Amino acid sequence: MTATAISPPPTAEPEAAKSSRGLVDKVFRARELTLLVALVALVVGTQLSNSRFLSEQGVKDLFLNASILVLLAVGQSVVVVTRNIDLSVGSVVGLSAFACGKFASGSTHSVAAVALVGVLVGIACGVVNGLLVSLGRVPSLVVTLGTLYIIQGIDYYWAQGEQINAETLPRGVLDLGTGSVLGIPYLPLIAAVVLLLTGWYLRGYRTGRELYAIGSNPEAARLAGVPSARRVFTAYVFSGAIAGLAGALWLSRFGTVVADAANGWELQVVSAVVVGGVAITGGIGTVWGAALGALLLTTIGSALVVLKVDSFWQKAINGALLLAAISIDRIVQVRVTRALRKRNARHG
Amino acid sequence: SGTSKDDNDDKGSGGSAAAGANATADPNAALKTGLKLAFLPKQINNPYETITGEAGLAAAKEIGSEGKRVGPSDANASSQVSYINTLIQQNQDAIMIAANDANAVCGPLKQAMAKGVKVVAYDSDTAKDCRQLFINQAKSEDVGRSLVQNVAKQVGYKGKIAILSATQNATNQNTWIDYMKQELAKPEYKDMQLVKVAYGDDDDQKSFQETQGLLQANPDLKAIIAPTTVGISAAARYIDGSQYKGKVVVNGLGTPNQMRQFVKNGTVEQFSLWDPKKLGKLAVYSAAALASGQITGAEGEKFTAGDLGEYTIGKDGEIILGPPTVFNKDNVDQYDF
Amino acid sequence: MTAVPTTPGGDPPAPVLALRGVEKSFGAVRALHGVSLDLYAGEAHALAGENGAGKSTLIKTLAGVHRPDAGQVLLDGRPVVFGNPATARDAGVAVIYQEPTLFPDLSVAENIYMGRQPRGALGRIDRRGMNRTTGELFARLGVALDPEQPARGLSIADQQIVEIAKALSFDARVLIMDEPTAALTGSEVARLFSVVRTLLDQGAAVLFISHRLEEIFALCRRVTTLRDGRWIASETLDGLTEDDLVRRMVGRDLDSLYPKQDTVVGETALRVEHLTREGVFRDISFEVRGGEIVALAGLVGAGRSEVARAVFGVDRYDAGSVEVVGRTYKAASPTAAMAAGLALVPEDRRQQGLVMDLSIERNIGLTRLKALAKAGLVDRGAEHATARDWALRLQLKFARLSDAVGVLSGGNQQKVVLAKWLATDPRVLIVDEPTRGIDVGTKAEVHRLLSGLAAEGLAILMISSDLPEVLGMADRVLVMHEGRITAEIPRSDASEETVMAAATGRTGAGNAPHGKDAAA
Amino acid sequence: MADTRTQPRETKPAAAAAGSPGLARFLRWDLAVTIILIAAFGYGSADNASFATTGNLSFALNDIAEVAIIALPMTLLVVCGEVDLSVASMLGLSSALAGSLWDAGYTFEMIVPLVLLVGLAGGLVNGLLVTKVGLPSLAVTIGTMTLYRGLASVVLGTKAVAEFPQEYADLTQRTVLGFIPFPIALFGILAIITAVVLHATGLGRAMFAIGSQQEAAFFAGIRVKRIKLALFALTGVVASFAGIVFTLRYGSARADNGMGFEMTVIAAVLLGGVDFDGGRGTLGGVVSGLLLIALLRNLLTLNDVANEVQSIVTGVLLVVSVLTPRAVQAIGQRRRRSEPESGAPPGAASAAA
Ligand SMILES: Nc1ncnc2c1ncn2[C@@H]1O[C@H](COP(=O)(O)OP(=O)(O)OP(=O)(O)O)[C@@H](O)[C@H]1O
Ligand SMILES: Nc1ncnc2c1ncn2[C@@H]1O[C@H](COP(=O)(O)OP(=O)(O)OP(=O)(O)O)[C@@H](O)[C@H]1O
Ligand SMILES: [Mg+2]
Ligand SMILES: [Mg+2]
């Protein structure tokens, strides 16, 4: 071969590569930034038209409303980055909330015990999902659509139309939903702690990165010796546990539960995750984005009510906003990539 | 045929006409036993429907008949239809239905009546020619007007009020709301202003957030009327945990068990409801009476509903259960449902 | 069974890794049939064989991807069972697979260190350390890749380099490379070889697969040949000629590898003028006439594939025009390009060339759905007949035409891609790396085929990184460098020196249409 | 296609199963569903005297008419690797629109084309967002699902419009051959057309190719985007047509009509053995899946099985429908452990814009 004569690549190249990478990086970061800007704009705009929006009560309500969705979005993201999905979350929350209610109703169980029951119920559901998806190696959308029906059926079968009333619940459980420390209600606090820990873990730990690897290219993950089945299983158990916890929180927040708590929430959760920039095709996205997505969606809901938008329009506007969010995100991404290419041209 | 009813309204007379065409009432006929009576509630696991239905089943047992409850787990118009058809196949003697949609269930119900199955609507009516009887828990007009009257007294005939309803399509809700609006149009309410009708979809959490939204949008709101059991308890619970406690009146239709704590802690002064158990019971008795030939559904016919006493069929085959009970801290402990 | 190696020390050492009588079948296909192999420390061992001979299967058996149906894997003389890739890796076996397997969404550094990222405080990943060591690996390979760049968007060559870096990062005792050079050009190959030689000096054992025989001779000391899953020979390369090796691989003597026929050059079939795609290529003008094979040469990343994609309507271009058989056509989509008489055998056959799940016959029929239709319905008989004819003509190795194309070996897959495009009876055929990963025997067939097609009057534009192929097949060579055409060299003047000079931009001829003046 | 976000896909195991086609063909899931269907029918007839009566069957079939009609274009979409979750909302929007137009005094003959036009527009919105903007269809149609349902309540609010012209309403109740309801007969005709298109024409071939390897299909000159766009548009039109059928069948136009139907449609398609990742499935399987759902529902209700148990049965069927074929493959794969070479290379999918 004649190749030996060829000089090493020009020195200018790594620098160009570096700066272009910086820009790409910024764009990715920008997903979260855009969401934040949208959120702030929304809040400010609403506040300008109705000053009660950001009253103490208003802010409190905003965060209280978002907490459960944020939690579920965090759990869902962990599954979605592995190129899977968990549609059963709504049903799991319902079952867990009812189980917690049954457990707590008329008893003096501590709030920790009730939450534990919720988490255990969630873990049980997560284990079923996880086993089916990771061992059965079947499309997760279908499996979890199946378990959505199954878990809901079990829940309804058990409840038989029974309603758990707030007055029968121990004080401690209800306090979790209404109480606060240093003026910050417990619920958002719990959601924030779970969010922080999950984000920290996904970014900084081998097993966390492996979840992204599995979602990015399952076959490559296998060849790299990543125990995919075990990781995916864990992701489902985690998502289940979070949904179970959310069920317990649901009980404490609303006091009254019937079997169909969080019925149909799976789509809202997936919306939040998608708006938050977690790719449904796996490998991309952060829990920060997902949490912001959840916060944005709930805030839109609250803002529409406060802005006295006709309730008939609320749903339509929600849908349109979801579409706008993902479209703009995508268009910006494409534009930036194109701009990068042209810029490289000028440099080259 | 039937009785002396002389109604020019085609649709109105349909029910009695259909019934009267092939039968005459024999008020002295014995109540048959071994009848197969089926409840078809709006939604099988709705707690209110459960109370009504269970009481009905107990009543069916009392009279020696066989009752059952079937139904969808979502409150959709179309979901009930499959059940009606199955009930026809099963040769039930009577169907007692709380309709999710007055018209969607019509076709199959007519088929049922054509096959000799008696149809009694309760709680939420179907179109008038699709059933023989409608057991109205309370006269819709009374429910709507009295809620406004009670609330007006509570707020001193002044200020903004809002309504928190169930779903946008619920027939009974919309009827009541219509009457509320008519009542509010009267001059004595000129200082009261209905700012919004919000819909909580009979979903606890949605109702909760709608309440919260109502108060944020209208901080000077004086009262919320929630003519739905899910809505009123969610509204009360939000008010209870917020700064608005004691400042905003909550009234409407609720069950004593759900509302007891709010009445006792002062969040809610009063609310109304009929006894859902009696509603279920009356539905069963009237269905049995129809199936036994005691009545045909024509106006003016009378029958006895066990210990509930005697009832007379009104215009359009409607039977009124009775006036709603107003609950407050003095009487709420006497009820358990 | 195997020849005793002649190590410098004199004593025959024990093999580090060995296979003994390994059998492996996929359904009815016997991929390996009693194969043995010894790898010694400090020695590069070549594995030669035609497409489908079982080379990749053998490697996967060594790597723990497949478990042999019979036979043993020996590590340091002791039998071992590699249940999965991780156990093999932990035992010191690093593998570069034939097809790059990267995580597109993760950074290059994470791709290399997935599952074994260096850890710092609290067990957290030490990103800075990871990026630094990645940078060092790339420096060893003499490439300028950014460790933090996501793998998405890397060219195939860069992907292969990341794979190589990954394998190096293991500091493995055994390094197995399945056609690592298929996507690389001379300079990168040379770099790779010098790094591998260092590893050999440090005592690593290397197993190397390539269809480029000169590479085998340049790097390896011994060679094992497989044919149809059977072990043929293991011997030292000293004293062996390329012809000997080819004979062992194909079981007979081979005619010329570059059977270029002289043809009558006809009308201009493809004329590209001032074609520009910002940031990728600029001001590309050339023409290809009927009966002519024009090669587009250049280093990897020069933008050759991009030109082909733009001409074929896959990518948009910002300026310029394309003319096919005298008619300007707007390159809006492959559909339009096909209608104009163009065909493109793409660079990446797994993603772009074939639908892996579909059967062989359906893949071949895919480009001719309209032509195969009878009253709107697909004529399965005709589809089958076409596929059978082409399979025969290209000597495709297959069990049934209704088998999914995904189970064919790489070379046979490439034949299916060729068949699918030749079946459209194009006026201009663009082939992008037509013989990448194809064994010598098939390669010669493909060359004969291209040559024959040109003789029939087809205009062929051939993109190739294989310099001997370019020199052996092309009537004219266009050379690209950093998105521009830097030289146009007629067959008579084309040599490794002239082409490489233009490809590396050392001619100083700029856009000179006749590179030969500068290059000579 | 430079900017399609094609993800590298695992080659599906059936490719490997092709090694033993005899076994694979014998254990194909769509055939299994058909056998289960026949078994369920046999059991039902023996178990309950009122099951196999024409009246009951006619009703059981009519009960899934709209779901069945929508399942046809949905099958094509799923084969192409896409999905449309907005169909039930489009059904509701069409129903609401038909209701409000009827209320406003339009004749039914004017209403139908108008409503279908709106369906077309809705389908195009989905299609354009997927093909032009390049968004995943799952995300897009979750959005339009909310949007269209919202628009439905904007159009009709709380009202429920009834009293549609009897001659049209009758069409949805009339039967042919004694027990096959008109809408189902129509479905049958459409199903045959769809089956021919999917399994015997070049267009069908193209759809399978798109579903298994979009980029390769594009390189082969298949108009990937155009086909997808057309399918989304078709799905929109069919969903709005189903909305009209629904409205007439129940005689009631409401904004919440058909709530949750999308899940039943998708369940039927998947139950019929169509691979959710695209590229694999048969229309016959989907028809069997639909009939199985209809019969099971009817049988369970007839035997007074509680609604929640039915929900469990649906769920279990779904899980089994995907688990069984994999289990069969796993037996085949025991001999040849799965194969990385059949995995696609990752970066190759890259192709940045
Ligand atoms: N997963 C599989 N399923 C079925 N057959 C397979 C599978 N993998 C490989 N084969 C078959 O085994 C034989 C050997 O294939 P292998 O990939 O080892 O060849 P190779 O020597 O690497 O060829 P190339 O040089 O083209 O890469 C071929 O006939 C191939 O079709
Ligand atoms: N998918 C992609 N995303 C971003 N940039 C790319 C992509 N593919 C190629 N490039 C860049 O475009 C330019 C042209 O690359 P390309 O590989 O097409 O060149 P080539 O001369 O055809 O090389 P090869 O010999 O590999 O075919 C290079 O700078 C390369 O890094
Ligand atoms: Mg190989
Ligand atoms: Mg190239």
Side-chain angles (χ1 to χ4, degrees), chain B residues 10-11 36 38 40-41 43-45 66 68-92 99-112 114-115 126-127 129-130 165-171 173-175 177-178 197 199 201, chain D residues 48-51 53 55-60 62-67 88 91-92 95-96 99 152-153 156-164 169-170 172-173 246-261 294 297-311:
Chain B
D10 265 6
K11 272 190 276 167
K36 294 202 283 182
L40 182 49
Q43 193 181 5
I44 190 80
N45 31 29
E66 189 189 327
K68 69 171 179 182
R69 289 178 70 220
V70 294
S73 52
D74 55 62
N76 273 343
S78 58
S79 317
Q80 283 183 318
V81 171
S82 355
Y83 284 91
I84 300 173
N85 281 281
T86 317
L87 292 174
I88 299 174
Q89 298 299 334
Q90 292 172 334
N91 297 316
Q92 298 288 326
N100 278 324
D101 180 304
N103 297 305
V105 290
C106 246
L109 284 182
K110 281 183 182 163
Q111 279 181 30
K115 295 213 163 120
T126 70
D129 52 344
C130 309
S165 173
T167 61
Q168 296 180 351
N169 297 314
T171 339
Q173 295 282 325
N174 292 335
T175 321
I177 293 171
D178 275 347
V197 180
Y199 297 94
D201 292 350
Chain D
N48 197 320
S50 42
F51 172 72
T53 59
N56 184 55
L57 288 182
S58 163
F59 163 70
N62 218 1
D63 209 22
I64 57 151
E66 296 82 13
V67 167
L91 188 157
S95 181
S153 52
L156 203 56
T158 64
K159 272 191 298 195
V161 177
E163 315 273 319
F164 289 95
D170 280 348
T172 62
Q173 301 296 343
F246 189 102
T247 310
L248 289 175
R249 202 156 72 78
Y250 290 104
S252 174
R254 293 164 54 127
D256 66 351
N257 275 348
M259 194 85 103
F261 272 22
R297 267 193 189 174
N298 180 259
L299 204 52
L300 291 173
T301 320
L302 216 49
N303 285 337
D304 282 339
V305 175
N307 196 280
E308 47 267 21
V309 178
Q310 296 197 23
S311 152

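Every value quoted in this text rests on a predicted model; they were computed, and no experiment measured them. Lettering follows sequence order; numbering is per chain, from 1.
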Please tell me whether D/S95 and D/N257 have a donor and an acceptor in their side chains that are separated by less than 3.5 angstrom.
yes
Among B/A102, B/C106, B/P72, residue most engaged with chain D (heavy-atom pairs, under 4.5 Å)
B/P72
Decide whether B/Q43 and B/S73 meet the rule of one side-chain donor and one side-chain acceptor closer than 3.5 Å.
no
Looking only at non-hydrogen atoms, find the nearest pair between D/A88 and D/G258 and report the distance.
CB-O, 3.2 Å
Relative to chain D, which of B/D101, B/V105, B/V81 shows the most heavy atom pairs under 4.5 Å?
B/D101
Approximate separation, where rounding is to 0.5 Å, of B/N100 CG and B/S79 OG
7.0 Å
Distance alone, cut at 3.5 Å: any donor-acceptor contact between the side chains of D/D63 and D/N298?
no
Select one option (side chain, backbone, both, neither) describing which atoms of D/T53 are under 4.5 Å from chain B's heavy atoms.
side chain
Per-residue contact mode, B/V70 against chain D (heavy atom under 4.5 angstrom)
side chain
What part of D/D304 lies closer than 4.5 angstrom to a heavy atom of chain B: side chain, backbone, both or neither?
both
Checking heavy atoms, do the side chain of D/F246, its backbone, both or neither come under 4.5 Å from chain B?
side chain
Which one of B/Q89, B/Q90, B/Q173 has the most heavy-atom pairs closer than 4.5 Å to chain D?
B/Q89
Minimum side-chain heavy-atom gap B/Q111-B/I84 below 4.5 Å
no
